[in-house]
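In what follows, a structure is listed as structure tokens, so that the remarks can point back to it.
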Amino acid sequence: MYKEPYHFVLERYIDPGRFKEIKSFAQDLPTPVLIMDSNLIEQKYDELSASFPIADIYYAVKANPMPEVLKLLIRKGAHFDIASRYELDLLLNLGVSPEMLSYGNTIKKKSDIAYFYAKGVRLFASDSETDLLNIAAVAPQAKVFFRILTEGTGADWPLSRKFGAHADILFNLILQARDLDLHPYGLSFHVGSQQRDIGQWDDAIARCKYLFDAVAEEGIELSMINLGGGFPASYVDPTFSVQEYAAEIMRFVEEDFGENMPKIILEPGRSLVAEAGIIVSEVINISRKSQSNMYQWVFLDIGKFGGLIETIDESIKYPIYFEREGMADEIILAGPTCDSMDILYENFKYLMPDTTQAGDKAYIFTTGAYTRSYSAICFNGFPPLNAVMFNKEKS
Ligand SMILES: *Cc1c(COP(=O)(O)O)cnc(C)c1O
């Protein structure tokens, strides 16, 4: 079989100087471990706010709820999109004021709505009558934004079908909200996470415009659009930059709304924290299943249950770096647990230098989002993914 030298373009994912520092920082830590680089989170936050100067940023806490991450974003002035009373308690305990919070989950218990209201939260998402009636009952006069159903087409990790409703349903809900003495505030959507097709925002914003106009005829002035998350991070497949996303998306909003620009809210998760994370992992074993099988199986000490669940259907392809030099082997990558679904990549063939040995480290880039928060607590006894913040003083 013809082989080429192993070549991983490190610079595509990290500044090599920074990588060196992170490596030495992680040297004595047991693997697997997620290292979060605080400077990069800050940089991503600054880039996003500069690209959308008129928007309020509500960080989607589920992407990475490490208290160190939240503290940093609190310091930056971020708002937060939260989905449970546990995320609420976490943020209130860190001193966040309830005006900075949005209860963005459309699936919530009445008792939880009451809990949020008692704690001072006044901004709620909704997409159904049952939920709206619950909000009206226990969160009087709250601001409500209504979630539009999107298809998730073009996204690596779609969030479609389960959330939102069609315009015909929402139209009636918005009128009903007014009659229930709530404040119908605006609309939201999520085009799907790691959305590669910027045009998906165009469709969704056009639907917002349609609903703004339709309810205006009934005397209701909506004033806010929540553009959701979906902004990209850098994985194996390249994407446009956040600046390019922002320029296009703001053009869509301006085309539809002209002089009457609504208030804009963003709910980024992945794009703020993914690139700040590197998982340091160890190669446990390299083996072949039969003499005639071309591909070696490479087992890492992290897999689907340790935090890499977004490898389901090979949806998210993390850049993975092996340090040795050698010729490149195409491999099958799997995790350490006793479940046969704990295979990371089998169809898409990752490359590994043929000099790699058990005990070597593998560096998994762009793992700051949806890893630790997804990791199982005790499957096969493995603890949840350990995560540490790396704070380097800026020079
Ligand atoms: C998960 C989620 C987000 C964050 O999405 P990303 O694609 O990670 O930016 C934003 N809003 C809502 C309602 C979500 O559920």
Side-chain angles (χ1 to χ4, degrees), residues 41 44-45 47-49 51-52 55-66 69-70 73 78-84 86-88 91 101-108 116 121 123-128 131 144-165 185-198 200-201 204 208 224-235 237 239-242 245-246 249 264-277 307 309-310 315-316 318 366-374:
I41 301 175
K44 289 284 163 189
Y45 185 87
E47 273 172 23
L48 190 70
S49 5
S51 308
F52 286 98
D56 278 352
I57 298 178
Y58 282 69
Y59 171 59
V61 170
K62 73 176 189 289
N64 185 327
M66 285 168 70
V69 171
L70 301 176
L73 290 172
H79 297 65
F80 296 89
D81 172 54
I82 52 181
S84 70
Y86 311 103
E87 287 182 343
L88 173 62
L91 282 162
L101 305 177
S102 155
Y103 195 176
N105 193 346
T106 56
I107 302 151
K108 44 196 174 313
F116 271 67
V121 176
L123 183 58
F124 297 83
S126 194
D127 64 1
S128 70
D131 184 58
V144 181
F145 59 95
F146 298 85
R147 181 149 169 188
I148 296 178
L149 185 71
T150 58
E151 289 76 29
T153 317
D156 285 358
W157 194 258
L159 295 165
S160 51
R161 296 192 1 260
K162 182 170 165 187
F163 308 101
Y185 178 47
L187 300 173
S188 75
F189 57 81
H190 195 304
V191 293
S193 200
Q194 189 72 6
Q195 174 56 262
R196 295 176 175 283
D197 175 9
I198 306 179
Q200 295 295 317
W201 273 272
C208 290
M224 182 278 282
I225 297 184
N226 176 335
L227 302 172
F231 307 103
S234 178
Y235 296 103
D237 297 324
T239 67
F240 289 111
S241 68
V242 161
Y245 274 67
I249 292 169
I264 301 289
I265 282 180
L266 308 175
E267 286 177 348
R270 188 184 302 280
S271 65
L272 284 189
V273 292
E275 289 175 26
I309 196 75
E310 288 197 317
S315 303
I316 296 291
Y318 298 105
T366 323
T367 41
Y370 303 118
T371 50
R372 175 179 164 83
S373 52
Y374 267 143

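Every number for a ligand or one of its atoms is a count from 1 in the order of the listing. Start at 1 with the first residue, then count along the sequence.
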| said: Using a 3.5 Å cut-off on N or O atoms only, is A60 in polar contact with ligand 1? | reply: no
| note | Within 4.0 Å of some non-hydrogen atom of Y370, the atoms of ligand 1 are 1 (C), 4 (C), 5 (O), 6 (P), 8 (O)
| said: Could you work out, for atom 7 (O) of ligand 1, the closest of S271, S193, A369, S102 by heavy-atom distance? | reply: S193
| query | Counting N and O atoms only, with roles assigned by atom type, does the side chain of Q195 sit under 3.5 Å from a partner on the main chain of P158, one being a donor and the other an acceptor? | reply | no
| message | I'd like to know if A63 contacts ligand 1, where contact means a heavy-atom distance under 4.0 Å to any ligand atom. | response | no
| query | Counting N and O atoms only, with roles assigned by atom type, does the side chain of E310 sit under 3.5 Å from a partner on the main chain of T371, one being a donor and the other an acceptor? | reply | no
| request: Return yes if some donor-acceptor pair links the side-chain N/O of S102 with the main-chain N/O of D81 below 3.5 Å, else return no. | output: no
| query | In ligand 1, which numbered atoms sit nearer than 4.0 Å to a non-hydrogen atom of P268? | reply | 9 (O)
| message | Donor-acceptor pair, distance only, cut-off 3.5 Å: does the side chain of E275 make one with the backbone of S234? | response | yes
| Does the side chain of R147 pick up a donor-acceptor pair with the side chain of T106 at under 3.5 Å? | no
| task | Look at atom 5 (O) of ligand 1 and find which of K62, H190, E267, K162 reaches it with the closest heavy atom. | result | H190
| For ligand 1, which part of N105 has a heavy atom less than 4.0 Å away: the side chain, the backbone, both, or neither? | neither
| In Å, rounded to the nearest 0.5 Å, how long is the span from CG of D237 to CD1 of I316? | 9.5 Å
| field | Element-labelled atoms of ligand 1 that are located less than 4.0 Å from some non-hydrogen atom of D81 | value | 11 (N), 12 (C), 13 (C)
| task | Output yes when the distance from some N or O of ligand 1 to some N or O of Q194 is under 3.5 Å, and no in every other case. | result | no
| request: Side-chain contact test, heavy atoms from C-beta onward, threshold under 4.5 Å: evaluate it for Y245 versus W201 and give yes or no. | output: yes
| task | Number the atoms of ligand 1 from 1 as they appear, then name those within less than 4.0 Å of a heavy atom of R270, with their elements. | result | 6 (P), 8 (O), 9 (O)
| task | Enumerate the atoms of ligand 1 whose separation from the nearest heavy atom of R147 is less than 4.0 angstrom. | result | 13 (C)
| field | Heteroatom proximity flag, G269 to ligand 1, N/O under 3.5 Å | value | yes
| Is the backbone N or O of H190 less than 3.5 Å from a side-chain atom of T150, with the two atoms forming a donor-acceptor pair by type? | yes
